[in-house]
Amino acid sequence: AQMQCTRGKFLFRSDFCSGNLRAVEQVGSQFLLTIGADCEDTPFQAHAKSWFYFSVAGGKKGDKLSLSIINMAKQKNLFSMGHRPVVRAEPSCPRGSHVP
């Protein structure tokens, strides 16, 4: 189930191939995100939630967002192996960069 919703001035979207954002709740200046299960709505659907893919638009330079994915599987093992999320901010970072 792909989605699109506006919270304040920000537009959250996952209405594209592999998008898996399912819900966004704003609590003060923080956004609580719920993601779908891995391979959701396919024969390969898993209970795990180990990745995320969505977009946020509507901010301006200097805006800071606090995003918390509230239902993601524990990723401790991946972090200990050096894996980090990737973020891309158009147009200043069109190729993406790892979150420190």
Euclidean distance, [Y] [atom2] relative to [X] [atom1], rounded to 0.5 Å:
X: Asp15; Y: Cys5; atom1: CG; atom2: SG; value: 10.5 Å
X: Arg22; Y: Phe52; atom1: CZ; atom2: CZ; value: 14.5 Å
X: Ile35; Y: Asn71; atom1: CD1; atom2: CG; value: 5.0 Å

query = Quick one: do Leu33 and Met3 end up in the same hydrophobic cluster if we chain Ile, Leu, Val, Met, Phe, Trp and Tyr together by side-chain heavy atoms under 4.5 Å apart?
reply =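 In one cluster with Leu33: Met3, yes.
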task = Indicate, with yes or no, if Leu65 and Ile69 share a hydrophobic cluster defined by side-chain heavy-atom contacts under 4.5 Å among Ile, Leu, Val, Met, Phe, Trp and Tyr.
result =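 Same cluster: Ile69 reaches Leu65 through Ile, Leu, Val, Met, Phe, Trp or Tyr contacts under 4.5 Å.
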ask   = Is there a donor-acceptor pair under 3.5 Å between the side chain of Gln26 and the backbone N or O of Gly28?
value =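 Judged by distance alone, yes, a pair lies under 3.5 Å.
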key: Leu21 backbone acceptor or donor facing Ser14 side chain under 3.5 Å   =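 Side chain of Ser14 to backbone of Leu21, a donor-acceptor pair under 3.5 Å: yes, one is there.
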message = Tell me which one of Val56, Val24, Thr6 satisfies side chain to side chain contact (heavy atoms under 4.5 Å, CB included) with Leu11.
response =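 Exactly one pass, corresponding to Thr6.
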inquiry  = With side chain to side chain contact (heavy atoms under 4.5 Å, CB included) as the criterion, how do Asp63 and Lys9 come out once you've worked through the C-alpha distance, each side chain's angles and the decisive distance to 0.1 Å?
reply    = CA-CA 11 Å; Asp63 282 347; Lys9 64 181 175 181; 2.9 Å; yes
ask   = Should the ring pair Phe31 and Phe12 be called parallel, tilted or perpendicular, given that the plane angle runs from 0 to 90° and is split at 30 and 60?
value =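 It falls in the tilted class, 30° to 60°.
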Sub-4.5 Å side-chain heavy-atom contact between Phe54 and Leu67 =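 Sidechains of Leu67 and Phe54: in contact.
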